[in-house]
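As structure tokens, the structure follows; a few thoughts come after it.
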Amino acid sequence: ESTDKELQLHLRNSANARAWVNERFGAGTPPLTLADLMTMHRMVTDGATGHYVPDTLRNLAVQVGRQEVGGLHMGAPIN
């Protein structure tokens with residue numbers, strides 16, 4: 001269960017990343033790069049703890065989504 005502090009961190013980081021995306025990916029801008037992915041990851045994980053390490057691609061299985069909004073989806077296998 002998330003604490004209020006963790007929720008505020010998540011909301012702040014998400015807002016910052018969304019603002020960056022809106023600036024970076026306008027009409028006529030270069031396509032998405034690995035550097036862009038790492039920038040977004042660094043922004044959303046700033047101050048996070050646990051398995052969320054800024055500037056590091058995940059090396060563990062992940063599940064995303066919620067049953068209430070269309071279902072759960074598994075990420076690509078680790079190997």
Side-chain angles (χ1 to χ4, degrees):
E1 189 172 314
S2 295
T3 66
D4 285 342
K5 184 178 178 181
E6 290 170 329
L7 179 58
Q8 291 300 316
L9 178 66
H10 175 76
L11 292 173
R12 184 203 71 197
N13 289 354
S14 296
N16 290 342
R18 182 174 293 262
W20 179 84
V21 165
N22 288 341
E23 287 181 25
R24 163 62 180 88
F25 296 103
T29 60
L32 178 72
T33 66
L34 178 58
D36 293 325
L37 290 174
M38 299 308 283
T39 295
M40 288 184 278
H41 188 268
R42 184 174 50 257
M43 294 178 87
V44 298
T45 58
D46 181 39
T49 59
H51 296 292
Y52 308 107
V53 180
D55 284 331
T56 303
L57 297 174
R58 290 182 182 159
N59 60 1
L60 59 135
V62 296
Q63 179 177 303
V64 298
R66 294 185 317 212
Q67 203 63 39
E68 302 83 14
V69 293
L72 301 173
H73 309 278
M74 296 301 295
I78 297 169
N79 296 332

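Not measured: the values here are computed from a predicted model.
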Okay, side chain of R24, backbone of P30: is any donor-acceptor separation there less than 3.5 Å?
yes

Main-chain N/O of D36 paired with T33 side-chain donor or acceptor, under 3.5 Å
yes

Treat each ILVMFWY residue as a node, draw an edge where side-chain heavy atoms are under 4.5 Å apart, and state whether M43 and V21 are in one component.
yes

So for atom NE2, which belongs to H41, do other residues, nucleotides or ligands contribute more than 12 heavy atoms lying within a distance under 6.0 Å?
yes

Which value, rounded to the nearest 0.5 Å, describes the distance between R12 atom CZ and Q8 atom CD?
10.0 Å

Closer than 3.5 angstrom, by distance alone: can the side chain of E6 be matched with the main-chain N or O of T3 as a donor-acceptor pair?
yes

Could you check if a side-chain atom of L37 sits within less than 4.5 angstrom of a side-chain atom of L32, using non-hydrogen atoms only?
yes

Can you name the closest pair of heavy atoms from N13 and D46 and give their distance?
ND2-O, 2.8 Å

Measure the spacing between CG of L34 and OG1 of T39 and express it to the nearest 0.5 Å.
9.5 Å

Say you draw a straight line from CZ of F25 to CE of M40; how long is it, rounded to the nearest 0.5 Å?
5.0 Å

Could you tell me whether a side-chain N or O of T29 sits under 3.5 Å from a main-chain N or O of G26, the two making a donor and an acceptor?
yes

Does L9 reach the side chain of K5, with side-chain heavy atoms less than 4.5 Å apart?
no

